[in-house]
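Quick notes on the structure that follows.
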Amino acid sequence: MATFPQSNLYKGSDMFQDFLCSTCEDNKLDKTADFYCESCMKFYCRNCINMHHLLFTKHSPFGRGDMKKWPVAKKVEDFVLKCDVHKEENLKMLCDDHNDLCCTKCAFLKHRHCRKVNFISELVKSRNTDLQKLSLSILTILEEMKELQGNQEASIRYVQSSYDEQLLTIQETRQKIIAAFNKIEQKTLKEMKDTLTKLQAASKSDGDKCIRLWDELQQLRDAIQDIGDKSNQELSFIAAKKCEDIIQQSETFLEKNSLQFKVSITFQPNSGIVHYLSNLSGLGRIEHSAQNPNKVLTLQGKSVQNVRISRDSTSCHITAICVLPDGQVLVADMDNKKIKLVDEQYQVVSHWSVTAYPKDICQITPSEVAVTVDDTNTNEVQFITVNKRQLVTGRKLQLQHTCNGIACHQEDLYITSDTALYKYKLSGKLVRKMYKDTSGNYTVSRCAVNPTGEKLYIINFSHGKLLTLASNGSVLATFSDPALEGPRCVHVTPAGQVLVCGGGSSTILQVDIRGRRKLASLASRKDGVVSPWSVCYNRHTASMIVGLYENSNILVFKVQ
């Protein structure tokens, strides 16, 4: 009888419960059997087997250590033999035309016109069945289905995470719209204020002129009355001339202002704005897409961007690259001990000087990143926020081990110490050491996590390998390739594509999501890729950014 190896992923069904003692079962008792007697064709528990030994001294029962000599359990036998259609019937025939097992009812109702319907009892005489091979095939499929189930559960979490992230984007969009309306309102209020000031100034000017003319007319009237009886012709002439001038000015002023209109300010709303907004179906378009993590990227073009600044003391050495959701890019320049912020045109707009060597960067929130900073005396994670194109330092996590690579998924931080992978909470609490390899100095140098969080990828620089770990730290796959000499960095795109830098082989590889096989060599020395240390995908520009060893240029490849 074939034995069935047991998978740690599949422990069997409750349908196949254990054997019961035949004697106890006759007495309405459910006791697990520990022995089977082939001569008696019965099962016995530890108590009943003693009586069996006294009564049948020549019988040789088989204990649980010899269960392969036990018969098939009744429930297993029923499960296998019973017809799926006619539950009360046993399967007794095989229709070769349809490759269907059938009971006598099935044979009559469904297969009576078939040419080859044979009894199973006859077929087994000429056909061998390799149950061991079938069992292994089932176990393989079960493991794949278990992995698929895990991926589906992770996908549910990931789509929820993307939903939550897009809710923030909707809120940000709303705030931008409100800010735009506030700006329009302020412009309108300023225009209203300017109009009020202008009208009030004009009225005040007319009033002041009216008062001036009034005063001058009064003074001239008094003056001509005073000199009217005098015989001073020159004085009279001058007074008359002034009177004529003032009278003319006054008449002109009165003619211009004879109708006393009350000036008012009115506001006519731009009805087009309300009409446009009321016709909108929403703040934007809701989309969803199934991303293929094994879709191979193809290069469409290349540009070279220099990220050295005047304050740098030496050539750049870009060990890490991180693209923020707004399209801004952060690069870690290890040799110059700087984190640099570059804009969409790859111009350095801000930088932060570090006291030790910045090794790796990962995104925490849409505007915050974490940087591993390490040297002989410093082992820490520095949090940095990008605010209005400026880098603002925040809290630090002091670590008790060296820190090289870093990755983040939701509230979990994954940090490599060159020979081990540690899991932390964002609060800084150490969860556990997930993986360790002391067979070399840099066996766990860099890490990355896929978008759903169920797979981790780590770089084994010492042995030129890429390892894929499950979320519990167990090794799922190990990948090596001649093009992966001296691997330096692993990066996972938002779609789940896995990119690896072969620093020694001057190659950028794409590996399948399981980390088992190479999908493509994306770029190499002929493309200008010489000793790559970092790679990152920019979804805003559909490009792959590559940082190089002791080189101030970064390479930007347009990809599709």
Side-chain angles (χ1 to χ4, degrees), residues 168-284 309-310 326-328 341 343-345 347-351 367 385-392:
L168 293 176
T169 304
I170 291 173
Q171 292 172 5
E172 290 172 0
T173 302
R174 180 178 183 274
Q175 292 302 320
K176 288 178 181 178
I177 293 173
I178 291 173
F181 275 114
N182 288 338
K183 190 174 181 179
I184 294 172
E185 181 186 21
Q186 291 304 315
K187 287 182 178 179
T188 306
L189 291 175
K190 183 178 183 302
E191 185 180 353
M192 286 271 288
K193 183 67 175 177
D194 291 344
T195 302
L196 174 65
T197 302
K198 180 180 178 181
L199 292 173
Q200 287 179 336
S203 296
K204 186 176 185 304
S205 176
D206 288 344
D208 291 343
K209 188 173 183 179
C210 184
I211 292 171
R212 179 178 62 79
L213 291 172
W214 173 279
D215 289 342
E216 289 184 6
L217 286 169
Q218 284 280 34
Q219 290 175 17
L220 285 172
R221 179 175 174 276
D222 293 341
I224 61 175
Q225 286 180 351
D226 187 38
I227 65 175
D229 299 331
K230 309 296 189 291
S231 311
N232 191 332
Q233 292 182 349
E234 289 184 7
L235 190 62
S236 296
F237 180 82
I238 294 171
K241 184 60 178 172
K242 283 191 174 182
C243 283
E244 289 173 0
D245 290 342
I246 293 300
I247 288 171
Q248 184 178 358
Q249 291 181 40
S250 299
E251 288 176 345
T252 301
F253 178 78
L254 287 171
E255 183 179 354
K256 180 181 178 182
N257 297 281
S258 60
L259 297 176
Q260 297 297 316
F261 294 108
K262 291 184 178 180
V263 180
S264 63
I265 300 173
T266 59
F267 169 69
Q268 294 294 330
N270 186 342
S271 59
I273 295 175
V274 178
H275 178 72
Y276 174 76
L277 291 175
S278 63
N279 287 329
L280 292 178
S281 59
L283 293 178
I309 60 176
S310 58
D326 61 2
Q328 296 185 97
L341 176 67
D343 60 16
E344 292 81 357
Q345 287 71 45
Q347 300 298 309
V348 179
V349 295
S350 181
H351 72 273
S367 60
T385 300
V386 179
N387 185 13
K388 297 179 180 178
R389 294 162 68 98
Q390 295 296 316
L391 301 180
V392 181

Check against side chain to side chain contact (heavy atoms under 4.5 Å, CB included), Ser350 and Arg389: CA-CA 7 Å; Ser350 181; Arg389 294 162 68 98; 5.9 Å; no
Taking atom [atom1] of [X] and atom [atom2] of [Y], what is their separation to the nearest 0.5 Å?
{"X": "Leu213", "Y": "Ile247", "atom1": "CG", "atom2": "CD1", "result": "11.5 Å"}
{"X": "Glu185", "Y": "Leu189", "atom1": "CD", "atom2": "CG", "result": "5.0 Å"}
{"X": "Leu283", "Y": "Thr173", "atom1": "CG", "atom2": "OG1", "result": "6.5 Å"}
{"X": "Asp245", "Y": "Lys241", "atom1": "CG", "atom2": "NZ", "result": "5.0 Å"}
{"X": "Asn270", "Y": "Ile184", "atom1": "CG", "atom2": "CD1", "result": "9.0 Å"}
{"X": "His275", "Y": "Leu280", "atom1": "NE2", "atom2": "CG", "result": "10.0 Å"}

Student check: side-chain heavy atoms of Ile177 and Arg174 closer than 4.5 Å: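 Contact flag for Ile177/Arg174 side chains = no.
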Student check: side-chain heavy atoms of Ser250 and Leu217 closer than 4.5 Å: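 Yes, side chains in contact.
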Check the surroundings of atom [atom1] in [X]: do more than 12 heavy atoms from other residues, nucleotides or ligands lie under 6.0 Å from it?
{"X": "Glu191", "atom1": "CD", "value": "no"}
{"X": "Arg221", "atom1": "CZ", "value": "no"}
{"X": "Gln248", "atom1": "CD", "value": "no"}
{"X": "Gln218", "atom1": "CD", "value": "yes"}

Any idea which heavy atoms bring [X] and [Y] closest together, and the distance?
{"X": "Ile246", "Y": "Glu216", "result": "CD1-OE1, 2.6 Å"}
{"X": "Gln390", "Y": "Leu341", "result": "N-CD2, 4.3 Å"}
{"X": "Lys242", "Y": "Leu220", "result": "O-CD1, 3.7 Å"}

All N/O donor-acceptor pairs, side-chain side in residues 200-209, below 3.5 Å, sequence neighbours left out:
from	atom 1	to	atom 2	distance (Å)
Ser203	OG	Leu199	O	3.2
Lys204	NZ	Asp208	OD2	3.2

Carboxylate-amine/guanidinium proximity below 4.0 Å for Lys190 and Asp194: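 Asp194 and Lys190: salt-bridged.
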Full working for salt bridge (charged side-chain N to carboxylate O under 4.0 Å, His left out) between Lys176 and Glu172: CA-CA 6 Å; Lys176 288 178 181 178; Glu172 290 172 0; 5.4 Å; no
Pairing residues for Asp215 by the salt bridge (Lys or Arg N to Asp or Glu O under 4.0 Å) criterion, not counting sequence neighbours: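 Counting only residues at least two positions away or on another chain, Asp215 forms no salt bridge (Lys or Arg N to Asp or Glu O under 4.0 Å).
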